[in-house]
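Below is one structure, written out as structure tokens; comments come after it.
As the structure is a computational prediction, the values presented were derived from the model and not from experiment.
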Amino acid sequence: MKHLPSLSRYLCAGLLLWASAAQAQIVIGQSAGFTGPVADGVAELTEGAKLYLTSVNRNGGINGEKVELVSLDDNFKPARTAENAKTLVEKHKVVALFLLRGTPHTEAALPVATSLRVPIVAPSTGATLLHEPVNPWVFNVRTKYRLEAEQVILQLSATGLTRIGIARVDDSFGLDVEIGAMEGLTQLGVKPQFVEKFDRVKWDFSKVATTAKQAQTQAVLVVGASKAVADAVAAIKASSPATRVVTISNNASQGFVTSLGANARGVMVSQVFPTARAGTTRFAREALAIAEEVGIRGELTPTNLEGYAAARVLVAALRKAAKPITGDSLQRALNELGTIDLGGLRMDFSARDHTGLSFVEMSIIDDRGQFLR
């Protein structure tokens with residue numbers, strides 16, 4: 001199926017319809033990089049969440065109350081994320097901060113969430129610091145980065161790729177993924193051929209490309225935002241075309257594929273949600289059915305599905321929360337959710353467990369620009 005450019009426009013129109021039909025009584029806040037290096041992925045993530053929220057509102061909302069998602073652009077800058085979080089809680093009176101994008105960004109919002117007693121639900125990051133120890137105000141949905149990176153290395157090894165280099169952004173996100181990758185390499189009894197760090201704003205991959213060529217590296221795990229990774233792919237492929245370039249699920253978006261241009265084919269991307277193609281899982285079939293219900297035709301990307309899954313967890317907690325819904329009552333509801341089954345994807349929430357999923361599998365971009373599993 002073809003990706004439809006009308007998805008975002010349709011769902012934005014849906015938000016306007018909510019406002020005109022009835023004043024939203026439950027307000028959820030989001031700060032993310034709608035402009036900047038992760039803009040394409042953020043758009044797909046938000047579209048997936050709005051898909052489910054549109055369906056919920058069309059079918060009576062939460063006990064008759066409409067849900068509104070207020071999204072603010074932070075240009076992928078952590079300081080702005082913290083500012084936006086404060087604005088969302090104090091001005092817009094949100095009861096949750098939802099789908100914050102990025103590890104340093106979510107970390108910057110934590111003091112706001114804690115002091116103002118508003119839970120962070122489904123941050124789009126698998127950072128260990130948001131999982132261990134359990135933070136009473138953070139409720140994760142996506143798989144931890146360390147587990148994901150460890151599994152990436154093990155799955156590469158299963159295909160015969162063991163001469164592996166690492167190029168990662170020089171921040172807490174990059175370090176987290178590096179630690180997971182090193183755990184996988186340790187299990188294999190090998191060391192990385194190199195570990196190179198790059199600036200998250202101004203990057204240069206000439207050294208990475210040269211080192212990979214000289215060492216005859218079989219695969220380079222590149223960890224960063226989509227635009228940086230796309231530039232790394234171009235540099236490495238120009239220097240050593242046979243070297244595989246691998247990245248993780250923060251780049252599992254169609255926007256990332258587009259940014260790769262002619263270099264897309266053969267790039268490997270780990271996935272932390274099942275594919276929606278052909279409705280091969282109950283999770284995917286249910287997502288596709290809701291898309292059809294609200295008038296969307298076309299393929300849902302892995303990043304769409306992350307937003308969709310996040311919205312399902314949020315709505316389950318909103319339905320359970322004591323009225324009137326506040327940050328405190330929503331936090332209690334999230335702690336009492338227990339086991340959630342998202343069409344075969346199961347996770348458990350309690351006061352001692354805010355971990356979310358542990359799903360990881362590999363994909364490769366084919367010559368049609370699709371993620372082949």
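Using a 3.5 Å distance cut-off with no hydrogens or angles, the side chains of Glu150 and Gln187 do pair a donor with an acceptor. Using modelled atom types and a 3.5 Å distance limit, the side chains of Asn84 and Thr87 yield no donor-acceptor pair. In the model, Thr103 has a side-chain atom that pairs as donor or acceptor with a side-chain atom of Thr125 under 3.5 Å. Remark: the Thr301 side chain and the Gln254 side chain contain no N/O donor-acceptor pair separated by less than 3.5 Å. For Thr355 and Asn140, the side-chain atoms include no donor-acceptor pair closer than 3.5 Å. For the residue pair Thr326/Asp328, the side-chain donor-acceptor check at 3.5 Å is not satisfied. Side chains of Ser249 and Glu148: a donor on one and an acceptor on the other come within 3.5 Å. Donor-acceptor pairing under 3.5 Å is recorded for the side chains of Gln30 and Thr46. Counting only N and O atoms by type, the side chains of Thr128 and Arg146 include a donor and acceptor under 3.5 Å apart.
The side-chain heavy atoms of Ser172 and Asp176, taken from C-beta on, include no pair separated by under 4.5 Å.
Other residues, nucleotides and ligands contribute at most 12 non-hydrogen atoms within 6.0 Å of the CD atom of Gln216. Shown here is Arg142, whose CZ atom has more than 12 heavy atoms of other residues, nucleotides or ligands within 6.0 Å.
Remark: Asp74 does not engage Arg101 in a salt bridge, criterion side-chain N to carboxylate O under 4.0 Å.
Using a 30° and 60° split on the angle between ring planes, Phe173 and Tyr145 fall in the tilted class, from 30° to 60°.
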